[in-house]
Amino acid sequence: MSEMIVNSTYFGVVLSIGAFLVGRALQKRFKHPLCNPLLIAIVLVILFLLVFHVDYETYQSSAKLLSSLLTPATVCLAIPLYEQFELLKKNVKAVLAGIASGVLSSLCCVLVLALLFRLDHASYVTFLPKSITTAIGMGVSEELGGYISITVAVIIISGILGNIFAESACKLFRITEPIARGVAIGSASHAIGTAKAMELGEIEGAMSSLSIVVSGLLTVIGAAAFANFL
Amino acid sequence: MKYLGQIFIILLVSFVGELLNTLVPLPIPASIYGIIILFCLLEFRLIPLRAVKETGDFLVSLMQLMFIPAAVGLLEAWDVIAPNWLSYMLITIISTFVVLFVSGRVTQAVIRHSRVKEARHE
């Protein structure tokens with residue numbers, strides 16, 4: 001069996017989509033935030049690989065079709081952004097203030113927690129880009145001398161947290177304006193959160209997309225400054 | 001032919017983004033250049049929305065799936081995280097919710113503030 005898997009071009013794609021569909025079905029059935037299709041898909045794929053002793057490299061190379069569509073799909077976030085641009089212009093002050101405060105709070109929060117947990121400099125800078133999109137975050141971490149693999153891991157975890165809990169957290173924090181919900185989700189959990197924001201509504205999706213771009217770029221500058229504080 | 005043209009434009013923009021990422025010495029990924037380029041093409045009427053719409057919406061609707069391979073890769077990163085997993089998880093969880101709260105509430109406050117102001121003017 002493992003021989004067949006190793007040589008297959010589609011195994012990883014089929015496994016991933018199948019696992020996601022199982023997650024969808026469970027979400028429809030139970031409607032609990034933890035019944036999140038993305039989370040369930042990740043857990044099921046990991047279990048599958050562990051149970052059948054398939055190594056990650058093998059899975060990854062046969063799931064390439066999915067990962068290589070990520071850049072074109074992210075590029076297409078420009079479409080909702082364009083469609084909601086009038087609304088964005090009308091609320092530009094609110095949106096920019098929200099994103100900038102999100103970036104600043106992310107950096108401050110990491111600094112305070114790093115002091116609290118007595119992290120060394122390299123671990124501290126590893127976390128500075130944790131709220132932004134993976135590709136920018138990796139670059140920032142590398143530039144500042146962090147551990148890139150940990151940065152990637154915490155960025156993905158931040159995204160999944162947003163994907164799972166964004167809706168309930170917005171309710172809990174009484175964030176009800178669609179524009180504010182979009183900015184919050186995009187600033188806290190980049191593209192993985194944005195995928196969820198798209199489901200909440202067109203305005204949420206567009207504002208979340210914008211937040212990925214703006215908070216990513218602001219963090220490049222902000223993280224470089226914050227790196228000197230510890 | 002509609003889809004052929006759409007996928008061509010989207011991949012072309014991704015490709016140009018990739019080129020910029022390699023040529024410009026900044027930590028800005030291909031996808032971010034791509035969003036900016038595609039947005040400008042649409043906003044400045046260089047291409048109409050229908051030149052990318054259906055394929056673009058289709059790709060965006062599948063986006064969650066595309067994160068599965070990278071997230072499964074957490075399995076590989078576990079060895080480096082394991083010794084400090086508790087503090088790392090706490091930092092990640094706390095800061096994610098702090099950012100969500102601050103950015104959302106600030107945006108909402110400014111929106112409501114300007115709405116009140118507008119209402120006064122009328």
Part of [X] within contact of chain B (heavy atom distance under 4.5 Å):
X	value
A:Leu116	neither
A:Phe117	side chain
A:Glu177	both
A:Cys109	side chain
A:Leu119	side chain
A:Ser131	side chain
A:Glu199	side chain
A:Asn163	side chain
A:Ile155	neither
A:Val220	side chain
A:Ile160	side chain
A:Ser123	side chain

Assess whether side-chain contact (heavy atoms from CB on, under 4.5 Å) is satisfied between B:Ile68 and A:Tyr59, documenting all intermediate values. CA-CA 11 Å; B:Ile68 298 174; A:Tyr59 162 73; 3.5 Å; yes
In plain terms, say whether B:Glu118 and A:Lys90 are close enough for a salt bridge, that is, a side-chain N and a carboxylate O under 4.0 Å apart.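 Judged by the 4.0 Å cut-off on N to carboxylate O distance, B:Glu118 and A:Lys90 do not form a salt bridge.
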Does [X] reach the main-chain N or O of [Y] with its side chain, forming a donor-acceptor pair under 3.5 Å?
X	Y	answer
B:Tyr88	A:Ile150	no
B:Arg105	A:Phe173	yes
B:Gln108	A:Thr176	yes

How about [X] and [Y]: do any of their side-chain heavy atoms sit closer than 4.5 Å?
X	Y	answer
A:Ser105	B:Phe101	no
B:Met63	A:Leu77	yes
A:Met198	B:Gln64	no
A:Ile156	B:Phe67	no
A:Glu57	B:Glu76	yes
B:Thr92	A:Phe127	yes
B:Leu100	A:Ser187	no
A:Ile157	B:Met89	yes

Quick one: are the ring centres of B:Phe39 and A:Phe85 less than 6.0 Å apart?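 Ring centres of A:Phe85 and B:Phe39 closer than 6.0 Å.
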Minimal non-hydrogen separation, [X] against [Y], with atom names:
X	Y	result
A:Tyr56	B:Ala70	OH-CA, 4.2 Å
B:Pro29	A:Ala135	CB-CB, 3.1 Å
A:Thr74	B:Ile35	O-CG1, 3.3 Å
B:Val60	A:Ala73	CG2-O, 3.8 Å
A:Ala94	B:Ile111	CB-CG1, 3.6 Å

Between A:Ala166, A:Gly159, A:Gly216, A:Ser158, the one whose heavy-atom pairs under 4.5 Å with chain B are most numerous: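 Highest number of pairs under 4.5 Å: A:Ser158.
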Who among A:Ser215, A:Ser209, A:Ala191, A:Gly186 has the most heavy-atom pairs with chain B under 4.5 Å?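 Top count of heavy-atom pairs under 4.5 Å with chain B: A:Ala191.
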For each of [options], tally heavy-atom pairs with chain A at distances under 4.5 Å, and name the one with the top tally.
options	value
B:Gly104, B:Gly73, B:Ser87	B:Gly104
B:Val110, B:Val99, B:Leu59	B:Val99
B:Leu42, B:Val106, B:Val102	B:Leu42

Counting only non-hydrogen atoms closer than 4.5 Å, does B:Ile32 touch chain A with its backbone (N, CA, C, O), its side chain (CB onward), both, or neither?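 Just its side chain gets close to chain A.
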Indicate whether any N or O donor in one side chain lies under 3.5 Å from an N or O acceptor in the other, for B:Ser95 and A:Lys130.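 Distance-only check passes for B:Ser95 and A:Lys130.
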